[in-house]
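For reference, the structure discussed in these notes is given below.
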Amino acid sequence: MSNSIEELAGVRFLLVAGSNTTETHPVIALRMKRAVRNGAGLVVIDPRKIELTRFASRHLQLRVGTDIAVLNAMAHVIIKERLYNAEFVKNRTEGFEALARHVELYTPEYAAEVSGLKAEDIAATAREYAAASPKAAICYTVGITEHSCGTHNVQAIANLAMLCGNFGQPNSGVNPLRGQNNVQGTGDMGAIPTDLPGYQKLEKPEVRAKFEKAWGVTLPRRRGVTKITAIDQMLRGKMKAVYIMGENTVVSDPNATHVEHALKKVDFLVVQDIFLTETARIADVVLPGAAFAETEGTFANSERRVQRVRKAVEPPGEAMADWQIILELFKRMGHPQKATEPKEIWKEAASLAPILSGITYERLDKEGGLQWPCPTPDHPGTVYLHTDEFSTGQPGFFAPVDHIPPAEEPDPEYPLVLTTGRRRVTYHTGTQTSRASGFELLVPHEWAEINPHDAEGVGIEDGERIVVASRRGRVEVPAKVTDRSPRGVVFMSFAFPELTHTNVLTNDAFDFITETPEFKACAVKIEKLAAPAAD
Amino acid sequence: MTTAAKPGTTSHALVVVNGAGVRYREGGRVLGALKEIGVKVPTLCYDERVGPVGTCRMCLVEVEVDGRKQTVASCTAFQQPGMKVATHTPELREYRQTLLELLLSETPSPNECPKCQSFATCEFHSAVNEYRARWDRFPRLRTRQKAADPNPFIQRDYDFCIACYRCTNICNDWEMASAITVQGRGQDSRIHTFFNNMLLESPCTFCGQCVNTCPTGALTDRKIVGKTDAKKVTRTKTICPYCGVGCGIHLLTQDGKLMGSEPDFSAPSRGSLCVKGQFGSWEFVRSEDRLKYPLIRRGGKNGTLERASWDEALDLVASRFKEIIARDGPDAITCWCSARCTNESNYLLQKFTRIALGTNNVDNCSRT
Ligand code: SF4
Ligand code: SF4
Ligand code: FES
């Protein structure tokens, strides 16, 4: 997030795109509702009638995967009507003319045609966003990124924010809300093929030199591969071994059968986890790790705030903290480490990552969380980014992006769009929430949310068990007939893998820049369960 | 970095609390001035997140402005420059004691308070102890009725309810769920849902905010209450293991065993939690089916996973990795970090991949 969670309560206008915030981030949704109560406008862009729309002044219920057309049309209106922040554009950005030319074609009328919205609603949203700037914020989650055009969606959002000068100001910005507790920190720590800790690019000689000196090794120069590419290489027999820490890949990844097949093909699979997950079950070696309550360490939240995680109890049996296990492996691979406690490991990481250098365990214990960039011991941390310049040090670049339809569009055989997401009381693949008592009463099982019109077409009733099928697989699931789903859209989560393995349906087409899989759209059909043979 | 005096101005307006000066803050409440110098009065109906409602009258103080004395509720009254505040005069003490004794007359014995027994002495009973309020000073009144609500999360023992309405205020104004409301008046008032008083059938999101604001044992976490001993429970400040908001929680342990969790009000999340953090953050840790020792697949790819020692498992991983590096090169191995593991573990795993294996094939699950 460029800005902070608490700041959301003070915005004058909030655009929430592809984020079912009340379900996925209830505590952030509270700040949003507070903003509305304080008089802010709230516009929700989402194909489904999600709960947040109850608080919204407008719901732009667009067709799945047409966000860019709408966002570009907003930019079109803002430029055409000269509502943009000319000073910010002049001083802080590049590429304005190109963008202006590019979005020329994206009239609200064109976007309306693509998205199924009303042109005047798109234009009005653009005007409201511009009028409230620089106290206008945009929030989004996986609803935006989990498309094959995910990166472009994010760029289209950034374009709007730059046009209206919504960067480097309190109560504004572009705010991706992170799904899992330490998504932010995993990136911060360099768990990315191209980046070393602190988002320092491996390809830069001075960066490599610094790390080589600190680590006393020569770093590999060959480009690393992302998960998606690695899975492909497994299938082609090129990738021979995989070490997975704390992730139930077989359930969480799209086109699950394909992933499982890939992982089964490698010579050697190591899975480190706290449960014998579906993924661990196919491993060659399973290493028992420790849960969050059993280790010291830190997490970084969505607003870049590093916070301390503390040990309350010992891990069960012989289980060991993840960092301890890795330290053991370091030794056995001939690279014993000097830093052998979380505190020292953090110190080493922070010393190498300038954005984190001012953060120490002592400060975290004393001051609570600290938001990076926090480069020095007396730096208070950064509540919102990009104050005088963009943190890249470069001007903000307007990237002209185009509407690209989802990789798999509905057709006569698979006439509906399946979109997946989370429900509040369940979490990701359900390994944690399914073990908390009482939760089964709140959401006892998976269901497929289907619009009454679509249900009627196939003769399906509320509560009836049905089949949802895609080109990749089929699942049985009870139907929930509800107008939360618009016509043509089926919604499911993936928290009950044992009963309903949703991700056997999803598509593994992925964003060609970040390689984020397209969870948010694939073509499916619904059918009644085959009746038991009559007579 | 407090505001240094501007040249030319010699002094600041003050509020004088029990003889000690506090900087006057425009628009600030008297309670704010007390807090600033650590003077405590009971505030049974006050939660700073929803602001003052001024109904319990426990926070009454004596103020003097321009020689005129007045008794006001410190949570609602505004500061004035030069105001003198007295918080613990004999009259105020007696007044509070009487108020508490009236509340005691309509609630069961403090010894039975579920919050005091299982968690820590509740706000109400702390005040009772401090002011030496007697349970039997006044004739006993009928207590309110416990709610017969079998939901798995929140125990609603309204016999301990003191009608402060913090629960309904936090539910309506902070969580904005509007699940509970006050019905009836005075002694007959009760907390109810809009329908049949079953939280599971109300708009309740089970955020637990009502449980945590309730100043008595009327609302408690059903998963913990009765299972812990307040005198033995220890708290560990940490972070909720679920989403990227990173709300602060305290884990409750007793005799080395995880027993429950509570929100951490000192964290940036200010005590907010959702149902997962409130009621789902610790049971999975204690779950019987946790992995407890390393497993190795014996008998080839079709073999079964069997228990192994750490040495055997780790040696096997290292030797297989070495073998594959020698045969196929380091780029034939990839490591995947986890958004659920700590920064320290992730840092180590990417470093391990790069220097011990010699490849940049490291990625994480944030893409999914
Ligand atoms: S748990 Fe939350 S939603 Fe439910 S009654 Fe309490 S405050 Fe309201
Ligand atoms: S249940 Fe607790 S918070 Fe609610 S009115 Fe009664 S005493 Fe106050
Ligand atoms: S706290 Fe002031 S009246 Fe209750």
Side-chain angles (χ1 to χ4, degrees), chain A residues 26-27 33 178 180 182-183 185-186 189-191 193 217 220 224-227 230 240-247 252 268 270 284-288 291-293 297-299 301-302 307 309-310 312-313 316-318 322-323 326 328 332-333 335 342 345 349 425 427 432-433 435-436 438 516, chain B residues 152-153 176 236 238-239 241-242 244-246 251 253 258 272 274-275 280 283-285 287 290-297 313-314 317-318 320 324 328 332-350 352 355-356 358-368:
Chain A
V27 169
K33 294 184 207 166
R178 306 296 191 175
Q180 300 187 55
N182 203 29
V183 169
T186 320
M189 289 296 112
V217 293
V225 297
T226 61
K227 251 175 85 173
K240 307 282 188 196
V242 190
Y243 180 178
I244 304 178
M245 172 170 80
E247 192 198 11
S252 65
F268 190 56
V270 183
D284 297 291
V285 176
V286 180
L287 305 174
F292 83 107
T298 54
F299 285 154
N301 76 355
S302 275
Q307 308 190 91
V309 177
R310 294 184 183 81
V313 285
E318 296 174 12
D322 296 304
W323 52 269
I326 303 164
E328 285 300 323
R332 285 166 164 83
M333 296 294 291
H335 289 270
I345 299 167
V425 297
Y427 174 76
Q432 296 173 16
T433 40
R435 288 172 176 84
T516 300
Chain B
F153 306 115
M176 293 185 225
T236 307
T238 188
I239 303 298
Y242 288 102
V245 178
L251 289 173
T253 45
L258 206 48
S272 281
C274 73
V275 60
E283 281 163 298
F284 73 89
V285 176
S287 163
R290 282 283 304 274
L291 284 168
K292 299 188 187 70
Y293 36 78
L295 302 171
I296 287 179
R297 188 172 301 281
L314 292 166
V317 173
R320 293 286 276 144
I324 289 166
D328 306 292
I333 309 181
T334 184
C335 299
W336 293 341
C337 293
S338 170
R340 283 193 225 156
C341 298
T342 60
N343 286 328
E344 291 71 7
S345 299
N346 281 305
Y347 172 80
L348 279 187
L349 186 54
Q350 63 82 33
F352 176 83
I355 77 171
T359 173
N360 287 307
N361 289 346
V362 59
D363 202 3
N364 66 81
C365 49
S366 80
R367 292 155 212 279
T368 60

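By convention in this document, chain letters (A, B, ...) are assigned in the order of the sequence lines, proteins followed by strands, and residues within each chain are numbered from 1. Because the structure is predicted, anything quoted here is derived from the model rather than measured.
- In terms of the salt bridge (charged side-chain N to carboxylate O under 4.0 Å, His left out) criterion, R297(B) has no residue partners (sequence neighbours excluded).
- Interface check for chain B: of the options S302(A), P316(A), G317(A), the most heavy-atom pairs under 4.5 Å are formed by P316(A).
- In this structure a side-chain-to-backbone donor-acceptor pair under 3.5 Å is missing from Y242(B) to C274(B).
- Side-chain atoms of N361(B) come within 3.5 Å of backbone atoms of V225(A) as a donor-acceptor pair (strictly under, hydrogens ignored).
- When heavy atoms are compared at a cutoff of 4.5 Å, L348(B) approaches chain A by way of both its backbone and its side chain.
- Between chain B and the options D322(A), I244(A), I326(A), heavy-atom pairs under 4.5 Å are most frequent for I326(A).
- The contact between L251(B) and chain A is made entirely by side chain atoms (from C-beta outward), counting heavy-atom distances below 4.5 Å.
- Top candidate by heavy-atom pairs under 4.5 Å with chain B, chosen from M245(A), H335(A), Q307(A), is M245(A).
- The two residues P294(B) and A313(B) have their closest heavy-atom pair at CB-CB, 3.7 Å.
- Ranking E328(A), R332(A), K33(A) against chain B, the residue ahead of the rest is R332(A), based on heavy-atom pairs under 4.5 Å.
- With sequence neighbours left out, F153(B) forms a ring-ring contact (aromatic ring centres under 6.0 Å, His included) with F439(A), F206(B), F279(B).
- Interface summary for chain B: among V285(A), D284(A), V270(A), the most heavy-atom pairs under 4.5 angstrom belong to D284(A).
- Interface check for chain A: of the options I355(B), L258(B), V285(B), the most heavy-atom pairs under 4.5 Å are formed by I355(B).
- In this structure, chain B has a heavy atom under 4.5 Å from the side chain of V217(A), while its backbone stays farther away.
- Of all heavy-atom pairs between I324(B) and A241(A), the closest is CD1-CB, 3.7 Å.
- In this structure, the portion of D328(B) lying under 4.5 Å from any heavy atom of chain A is its side chain and not its backbone.
- With a 4.5 angstrom heavy-atom cutoff, T334(B) touches chain A via backbone and side-chain atoms both.
- The contact between T236(B) and chain A is made entirely by side chain atoms (from C-beta outward), counting heavy-atom distances below 4.5 Å.
- Not one N or O on the side chain of N346(B) forms a donor-acceptor pair closer than 3.5 Å with the backbone of M189(A).
- Looking at A230(A), only its side chain comes within 4.5 Å of chain B, counting heavy atoms on both sides.
- If you tally non-hydrogen atom pairs under 4.5 Å between each of S272(B), A318(B), A332(B) and chain A, the highest count goes to A332(B).
- Among the candidates A293(A), G190(A), P342(A), the residue making the largest number of heavy-atom pairs closer than 4.5 Å to chain B is G190(A).
- A heavy-atom distance below 4.5 Å is not found between the side chains of K240(A) and I333(B).
- Smallest separation of non-hydrogen atoms from C337(B) and V362(B): SG-CG2, 3.8 Å.
- Among the candidates T253(B), I296(B), L314(B), the residue making the largest number of heavy-atom pairs closer than 4.5 Å to chain A is L314(B).
- Rounded to the nearest 0.5 Å, atoms CG (L349(B)) and CG (N364(B)) are 10.5 Å apart.
- For V242(A), the parts lying under 4.5 angstrom from a heavy atom of chain B are both the backbone and the side chain.
- Within the 4.5 angstrom heavy-atom criterion, only side-chain atoms of S287(B), from C-beta onward, approach chain A.
- From N360(B), atom CG reaches atom CD of Q350(B) across 9.5 Å, with rounding to the nearest 0.5 Å.
- With chain A as partner, the option from K292(B), R320(B), E344(B) having the largest number of non-hydrogen pairs under 4.5 angstrom is E344(B).
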